[in-house]
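Per chain, numbering begins at 1; letters A, B, ... match sequence-line order.
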Number of protein chains: 2
Amino acid sequence: MTRRAVGVRREEILTATVEEIGRRGFPQTRVADVARAVDVSTALVLYHFGTKQALLAAALDHAVGRDLDRLAAVLARTGSAAQRLRRILDLYAPQGAAPGWTLWVDAWAEALRNPELRTHCRTLDRRWTEAIRETIVAGVAAGEFRCADPEGAARRITALLDGLSVQATVHRRLGRRRLTEWIREYAASQLGTDAAALS
Amino acid sequence: MTRRAVGVRREEILTATVEEIGRRGFPQTRVADVARAVDVSTALVLYHFGTKQALLAAALDHAVGRDLDRLAAVLARTGSAAQRLRRILDLYAPQGAAPGWTLWVDAWAEALRNPELRTHCRTLDRRWTEAIRETIVAGVAAGEFRCADPEGAARRITALLDGLSVQATVHRRLGRRRLTEWIREYAASQLGTDAAALS
DNA sequence: GCTCATACTGACTGGCGAGTCAGCAAGGAG
DNA sequence: CTCCTTGCTGACTCGCCAGTCAGTATGAGC
């Protein structure tokens, strides 16, 4: 086994763990699965993270961080409020084979009982709605949107996106095309624009 | 141990299993938990259901059936389309301490990997949207609603309800009051009425 | 090239949980 | 009452998996 610096190994393990959770689900992910994926001993994984619980929590944290980084990158780009909102929505919607979304659905289920994970999920949710809210506020200030309740609108848009994503990833009953179409229509109606402004 | 007829025992066990899944989550529910809840031996549970997998599947089926029965009861009642729609939405929204919704979130996560459970979840979802769709169609025919795409509207309403329910039960970020308010507003906007018609 | 901190492992343990099985007894049929 | 079906159990097995530990070896720093 080639030795690695702690930081590097941890990163490697966390990435693999996230992937493994996406594949198997939260409670079904075994330390041995992760170890095999990284091609190290199970003892090493426990050496770095102590317990399985801690490993899973760290992995979720890692995934949350990665998503928030992407979000920050989108927010940093310039453009009209409508353009930025559009990018946020695109980022959030389930991608092709979407290992991301299966992770979140799993995380929700887990968060129902595990307060630590709930905190992570809630943080992520809050940041997304916050990003949408800010964009709406900016759009209202710029005269692009009309919206009396940006906070509420942001949360409703997020909720619809969550619900449609469940239909897409869990029930496999909805394609990405129609999903984005519906979301844009709803967002547009909430913001007093037309859907075309968001495409 | 008092002996029971097969049907009775199965029913008893299934009810307990549903409750236990709601409490612990799908994969964390042990046969022994169910057995203790019914106050029988684990061997008896396996005697009736063969394997844990089969038990869990049967339990979900049971829960689905119960929910669909309630739905059928609501549909059977008379009244305007708006009144019936309102009742459907009320039934679907998370109740107080909502053991029902935690079960569904769990079931979604499980359905991501287990095709048998996916079928159950999908059936339930389909029936709900179908009920909403029918009510919309009836309302349109009666001149109560205006809606060009009842199927789509039904699915969007369901999706928003799912998403808001996640915010309520998972993130604990939304009360029932505001949830129903938002849903009614959305439904009303989709159907060309005002929210007051749905309260 | 030596040293030493530390990344890493193999081999183990202990407990837990699904599923089995041989037999027991309740209670309806006759 | 007496069978005999069948609902039911205790006590078991067997495999799995998180976590431990004593020890190995790698490679950065000198």
Any A/Arg30 side-chain nitrogen or oxygen under 4.0 Å from OP1 or OP2 of D/dC17: yes
Without decimals, in angstroms, what is the distance between A/Ile13 CD1 and C/dA7 C1'? 11 Å
Has B/Arg3 got a side-chain N or O lying under 4.0 Å from the OP1 or OP2 atom of D/dT6? no
Inspect the surroundings of CD in B/Glu181 and state if more than 12 heavy atoms from other residues, nucleotides or ligands are less than 6.0 Å away. yes
Calculate the interatomic distance between A/Glu20 atom CD and D/dA18 atom C1'; express it in whole Å. 17 Å
Tell me which of B/Arg4 and A/Lys52 sits closer to the 5' end of DNA chain D, going by the nucleotide each one is nearest to. B/Arg4
Nearest to the side chain of B/Ala43, which nucleotide is it out of D/dC8, D/dC17, D/dT9? D/dT9
Considering only C/dC8, D/dG7, C/dT20, which nucleotide approaches the side chain of B/Val6 most closely? D/dG7
Spacing of CD belonging to B/Glu12 relative to CZ belonging to B/Arg4, to within rounding of 0.5 Å: 5.0 Å
Does the pair A/Tyr92 and A/Trp104 meet the rule for a ring pair (Phe, Tyr, Trp, His ring centres under 6.0 Å), with working shown? CA-CA 11 Å; A/Tyr92 195 102; A/Trp104 297 125; 9.3 Å; no
Kindly say if A/Tyr47 contacts the phosphate of C/dA7, meaning a side-chain N or O under 4.0 Å from OP1 or OP2. yes
What is the distance, to the nearest angstrom, from the CG atom on A/Asp33 to the C1' atom on D/dA18? 13 Å
CG of B/Leu56 versus C1' of C/dG17: gap in Å, rounded? 13 Å
Please report the distance, rounded to the nearest Å, between CD in B/Glu12 and C1' in D/dC8. 13 Å
Would you mind classifying the nucleic acid contact of A/Thr42 as base, sugar-phosphate or nothing, using non-hydrogen atoms under 4.0 angstrom? nothing
Given side chains that start at C-beta, do those of B/Glu144 and B/Thr193 come closer than 4.5 Å, heavy atoms only? no
Nearest-Å distance for atom pair CZ/C1', residues A/Phe49 and C/dC8: 15 Å
Return the value, rounded to whole Å, for the distance between atom CZ of A/Arg24 and atom C1' of D/dC17. 13 Å
Taking only the side-chain heavy atoms of A/His48 (C-beta and beyond), determine which of C/dT9, D/dG7, C/dC8 contains the nearest atom. C/dC8
Whole Å only: how far is the CZ atom of B/Phe26 from the P atom of C/dG17? 18 Å
Once rounded to the nearest 0.5 Å, what's the spacing between atom CG of B/Leu89 and atom CZ of B/Arg184? 8.0 Å
Closest approach to the side chain of B/Leu44, judged atom by atom: which nucleotide of D/dA18, C/dC8, D/dT9 is it? D/dT9
